[in-house]
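Report on the structure given below.
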Amino acid sequence: MRHSKMDNVFEEIRTALVRAFKGVFSAYDVFCEEIQRTDSADETAAAEDWIYIDMRPVVNQTINRWHTDRQVFVDVAIHTASEKNKAYYAIIPAVDSLIRPYFCFADRAITVADVGFRIEDNVLHAAFTLSFRDSCSEPEPLPFMQELDTNIK
């Protein structure tokens, strides 16, 4: 079975996104798969600054036996305690510069042509698609059979 050069490409993307957003928005809680504070009875917990990163692989297209084109849709939801559009407009340039003109993960730098922004239900969303080609390495050939010395009597 052939494996892609980077078996954990989606984990690498997730890790890079969290690191990038945590680096610029260090006071924000950054989540990917679990929002840990939704069960809180404390009303102030709902008003905190947080970032939720949603990743969806949307395309895995075979190019040939060694290459696969991939597209990963990313929607980053950003909530500020103020819930004011003015605060969201102020952070759009910082979010944009994290993603464009290119986004880096593992050993790659992927060009991101555009990022769509919208404010919905008091949350800023930044949506973009990472498109890249994964290369699979050819498995190493099995060693040739060695000469077998036999002695027939």
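None of these values were measured; they are calculated from a predicted model.
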Next item on the list: Applying side chain to side chain donor-acceptor pair (under 3.5 Å), name anything that partners Gln61, two or more places apart in sequence or on another chain.
Entry: none
Checklist line | Interatomic spacing from CZ in Arg70 to CD1 in Ile110 - rounded to 0.5 Å | finding: 11.5 Å
Notebook entry, point to check: Got a sec, which pairs hit salt bridge (charged side-chain N to carboxylate O under 4.0 Å, His left out) with one end in residues 85-97, sequence neighbours left out?
Noted result: Asp96-Arg100
Check: With ILVMFWY side chains joined below 4.5 Å, transitively, what does Phe73's cluster contain besides itself?
Finding: Val58, Val59
Margin query: List the residues meeting side chain to side chain donor-acceptor pair (under 3.5 Å) with Asn85, not counting sequence neighbours, and say none if there are none.
Written below: none
Notebook entry, point to check: Are side-chain heavy atoms of Pro101 and Thr111 found at a separation under 4.5 Å?
Noted result: no
Margin query: Given 3.5 Å as the limit, does a donor-acceptor pair link the side chain of Tyr52 with the main chain of Ile78, or not?
Written below: no
Note to self: Is any side-chain heavy atom of Phe31 closer than 4.5 Å to one of Val18?
What the structure shows: no
Check: Do Asp49 and Phe25 come within less than 4.5 Å of each other through their side chains, counting heavy atoms only?
Finding: no
Next item on the list: Indicate yes or no: at least one non-hydrogen side-chain atom of Phe10 is less than 4.5 angstrom from one of Pro57.
Entry: yes
Item checked: Single-linkage hydrophobic cluster Ile91~Tyr89, side-chain heavy atoms < 4.5 angstrom -> yes
Check: Can you list every pair that meets side chain to side chain donor-acceptor pair (under 3.5 Å) and has a residue in residues 19-28, with sequence neighbours left out?
Finding: none
Checklist line | Pairwise side-chain contact, Arg108 with Asp134, heavy-atom cut-off 4.5 Å (strictly under) | finding: yes
Next item on the list: To the nearest 0.5 Å, tell me how far Asp121 CG sits from Glu83 CD.
Entry: 9.5 Å
Checklist line | ILVMFWY clustering at 4.5 Å (side-chain atoms), partners of Tyr102 | finding: none
Item checked: Single hit among Val74, Leu17, Asp114, Val115 for side chain to side chain contact (heavy atoms under 4.5 Å, CB included) with Ile99 -> Val115
Next item on the list: Decide salt bridge (charged side-chain N to carboxylate O under 4.0 Å, His left out) for Asp54 and Arg14; before the verdict, give the C-alpha distance in whole Å, the side-chain angles of both, and the deciding distance to 0.1 Å.
Entry: CA-CA 9 Å; Asp54 181 29; Arg14 181 182 298 114; over 6 Å; no
Notebook entry, point to check: What residues, two or more places apart in sequence or in another chain, satisfy ring pair (Phe, Tyr, Trp, His ring centres under 6.0 Å) together with Phe132?
Noted result: Phe105
Next item on the list: Any chance you could measure Ile53, atom CD1, to Met55, atom CE, to the nearest 0.5 Å?
Entry: 9.0 Å
Notebook entry, point to check: If you measure from CG on Asp75 to CZ on Arg56, what distance do you get to the nearest 0.5 Å?
Noted result: 6.5 Å
Next item on the list: Output yes when a side-chain donor or acceptor of Asn64 lies under 3.5 Å from a complementary backbone atom of His67, and no otherwise.
Entry: yes
Next item on the list: Check side chain to side chain contact (heavy atoms under 4.5 Å, CB included) between Ser131 and all other residues, then give those that pass, not counting sequence neighbours.
Entry: Gln71, Thr129
Check: Under the side chain to side chain donor-acceptor pair (under 3.5 Å) test, which residues partner Asp69, sequence neighbours left out?
Finding: Arg133
Margin query: With ring pair (Phe, Tyr, Trp, His ring centres under 6.0 Å) as the rule and sequence neighbours excluded, what pairs involving residues 108-128 come up?
Written below: none
Checklist line | Side chain to side chain, Ile51 and Asp29, heavy atoms closer than 4.5 Å | finding: no
